[in-house]
Amino acid sequence: MLHSFLGVSICKHWRLEGQRKQSNIKIKIQRVNQLDAAQLDEEVLSLLWSQLEQVFRFLPPGILVSLKPELQALLKFIYFAQFTGTNTPTPGQTLQNLQYRDERAFDSFHWTNLLRSIFHYPINIKDTCYGTEIVGLSTKQRFVFGFLYVIVPWIYTRLDTSGILRRWLSFAPIHISLLSRCCYLGERVYRIACLVNFILFLYDGTYVSLVERIVGARLVYRDLSATRMVSFEFLNRQLVWEEFTELLLFLWPLFSSNVVKQLFRDIIGKRLLHRETRQDIPADACPICRCVPPKMPHLARPCGHAYCYYCLSWAMQSFGYCCERCGDTVRGISRVGPVAHTSPTLVHAKLQSS
Amino acid sequence: MASSPFFALATAAEIIRSAEKDKEYRLVLKKSLSEVSSLVLSRRSHAHFVTKHLSGITDLLYYGLTTWIGQQTPGEEYSEIIACTGQFPRITFQGSLLRRIFYSLIQAYGEDFWGFFCNKIAQRVRAYMRDGQLSGTQPFPKIYLYLLALLVLTRQEEVKRFLSRFHLGIFYIHSKYYEWSKRLVGMQYFRVAKSRYPLPSYRILGLILLVQLSLGLLLSTYRILSRKDGFYSFLQYSIGVGDSGEDEWDGFPNQLSSSEEEEEEEELKEIGLVTNVLFV
């Protein structure tokens, strides 16, 4: 019965409207502008909040925390009253070439118009030429917008942060406890509604936030001839920097100091270089740490010179390591006999012989 | 695709910026979905949802509400580019419905499907090898086993990263197909911006990247082959490690006991570490 009633009244309204004009032009505002405008406004508010925090730095600690919901609500109220409250676009909207308009005057499918049509109230749909005409938000609309944007979040945050809701849930009489449960249920419903709103926004690109959808405040272009200016300078610099950093990080281990040394040896003459530089190493010492005898002695292959195990294995980590005594490239290491069961003097003698 | 005086293909910078913006908005949707699931579901179900399904559902919703129904994504709106398929002059803007559906599904579940497919192949190969060893025959040294092992290797994170970097290098050179899914569907971009100053090409960056990756690949192949039983170890690593989600996917009984399995995994992890170092 109700369904048929709704259907009939809506059809009647459409017919009446159809007699006046066929339909309003549906405009499509880019979703990215609306999303970016909301994000920019949030950033402006966070900047203001950081300034306010600086003011409270000299006051005793704890005051800012206890007054945070009120101060945030106050900031939002000032921001709202300054811009949307006076039908002026916010800084984010100005940057994105957008402004609020009263969508109830253009969209007969808005929920308020549908309700009006059900109860046979007159609907005032304006004729449009391009679909982008702007009618500012009415006073009642702005009042509801401000209430939903500032007051309701403040009430919920205050109740939640002070722990009143939890206390009510546990100790209060049944009707207060029920109120607390309703608040939690309301939060769930609100979150789900926000998600549904965002999904609808992705689909038709009309209202980026739930409050805007409820109030009927739609963002439209202020200037139709304005073009988007996108700068790619930062992206270019970032990509080039990342790529060259990664290349250097890849190449640096390959071109280690050992490779350069080897190149010099090849060019100048490794025998000459070796004799001039490495004659000072004692014959029975590790060429790297000069320890006599080398600890856990290992031989560099293929040249067969003895080193401490730790020194040689650490030096082998770098690519193309050359023997400190002869300058040959070390390709592997091998142990000098059963070191664990021999005395240092025996090892010393063995090394002398080798 | 041949360009015409009326249409200009989008440059790499525009496509990259578009993809970055889309990623940002997908994160917004993901956060919103996660919040709702934390309020509606129990903690256990919420954790399961977040780890298993959140990413796929977010992508499916995002691309389902934009590309699937033939709309631009917000990222594409930002860069003022429009997707298209086909050769000039027979261009289909946004592509056909089938391609758009395919693209959305690949974006959402392509990687999961590929992982599932690779796990199945790895299990088959492992079962085949074990059966061969038990029956005394040696089915291992066959070329198709190596090929399958190479295919299965693509499920490892470091190999995925290598392949995505390689694909990025190709994209820098040709300025086409930023993602694998777009390459599969054949989706390119036209610029619809009214006026824009000429944007630089990333061709040099692409060449540098490809040279670097090729050198890395050569070095890693050399190091693997220079190891004792390097190729065998490589194959074992490819089909053996990374089956943490095996119980969920496979339908095959495990033939090794748990202790044997642990020992085997320890050995293979060592080889895995080598491969990690090489590819990254």
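Chain naming here is simple, since letters A, B, ... match the order of the sequence lines and numbering starts at 1 in each. Keep in mind that the numbers below use all heavy atoms, side chains included, and drop hydrogens, waters and symmetry copies.
Ser37(B) contributes atom OG, which lies 12.0 Å from atom CZ of Arg191(A) (distance to the nearest 0.5 angstrom).
Residue contact with chain A, scored on non-hydrogen atoms closer than 4.5 Å, involves the side chain of Leu61(B) exclusively. Only the side chain of Gln39(A) comes within contact range of chain B, judged by heavy atoms closer than 4.5 Å. Interface remark: Ile69(B) contributes side-chain atoms only to the contact with chain A (heavy atom separation under 4.5 Å).
No side-chain heavy atom of Phe250(A) sits under 4.5 Å from any side-chain heavy atom of Leu213(B). By the 4.5 Å heavy-atom criterion applied to side chains, Glu80(B) and Thr227(A) are not counted as neighbours. Side-chain atoms of Leu195(A) and Glu35(B), non-hydrogen and from C-beta on, never get closer than 4.5 Å to each other. Between Tyr202(B) and Val240(A) the shortest side-chain heavy-atom distance does not fall below 4.5 Å. The shortest distance between side-chain heavy atoms of Arg228(A) and Tyr78(B) falls below 4.5 Å. Side-chain contact between Leu35(A) and Glu24(B) is absent, with no heavy-atom pair separated by less than 4.5 Å.
Within 6.0 Å of the OH atom in Tyr190(A), the count of heavy atoms belonging to other residues, nucleotides or ligands does not exceed 12. Annotation for Tyr221(A): atom OH counts as buried by contact number, over 12 foreign heavy atoms lying within 6.0 Å. For OH of Tyr309(A), the number of neighbouring non-hydrogen atoms (other residues, nucleotides, ligands) closer than 6.0 Å is 12 at most. Crowding of Glu111(B) atom CD: a count of heavy atoms from other residues, nucleotides or ligands under 6.0 Å not exceeding 12. In this structure, Arg203(B) places its CZ atom where only 12 or fewer heavy-atom neighbours from other residues, nucleotides or ligands lie under 6.0 Å away. Atom CG of Leu47(A) is surrounded by more than 12 heavy atoms from other residues, nucleotides or ligands within 6.0 Å. Summarising the local packing, NZ of Lys28(A) is surrounded by more than 12 heavy atoms from other residues, nucleotides or ligands at distances under 6.0 Å. Surrounding CZ of Phe166(B) are at most 12 heavy atoms belonging to other residues, nucleotides or ligands under 6.0 Å away.
Every salt bridge (charged side-chain N to carboxylate O under 4.0 Å, His left out) that Glu157(B) has, sequence neighbours left out, goes to Lys160(B). In this structure His53(B) satisfies the ring-ring contact (aromatic ring centres under 6.0 Å, His included) test together with His48(B), sequence neighbours excluded. Every residue two or more places apart in sequence or in another chain that forms a ring-ring contact (aromatic ring centres under 6.0 Å, His included) with Trp180(B) is listed here: His167(B).
Residues of residues 202-214 of chain A lying under 4.5 angstrom from chain B, judged on non-hydrogen atoms, are Leu202(A), Tyr203(A) by number.
Minimum heavy-atom separation, Arg17(B) to Leu235(A): NH2-CB, 4.0 Å.
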Test side-chain contact (heavy atoms from CB on, under 4.5 Å) applied to Thr11(B) and Phe232(A), step by step: CA-CA 11 Å; Thr11(B) 57; Phe232(A) 292 95; over 6 Å; no
Test salt bridge (charged side-chain N to carboxylate O under 4.0 Å, His left out) applied to Glu243(A) and Arg165(B), step by step: CA-CA 11 Å; Glu243(A) 191 47 55; Arg165(B) 299 283 297 165; 3.4 Å; yes
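With respect to chain A, the highest number of heavy-atom pairs below 4.5 Å among Gly64(B), Pro200(B), Ala13(B) belongs to Ala13(B). In terms of heavy-atom pairs under 4.5 Å with chain B, the best-connected choice from Glu187(A), Gln34(A), Glu246(A) is Glu246(A). For the options Leu33(B), Leu215(B), Leu65(B), heavy-atom pairs under 4.5 Å to chain A are most numerous at Leu65(B).
Looking only at distances, a side-chain donor or acceptor of Glu77(B) sits under 3.5 Å from a matching main-chain atom of Val32(A).
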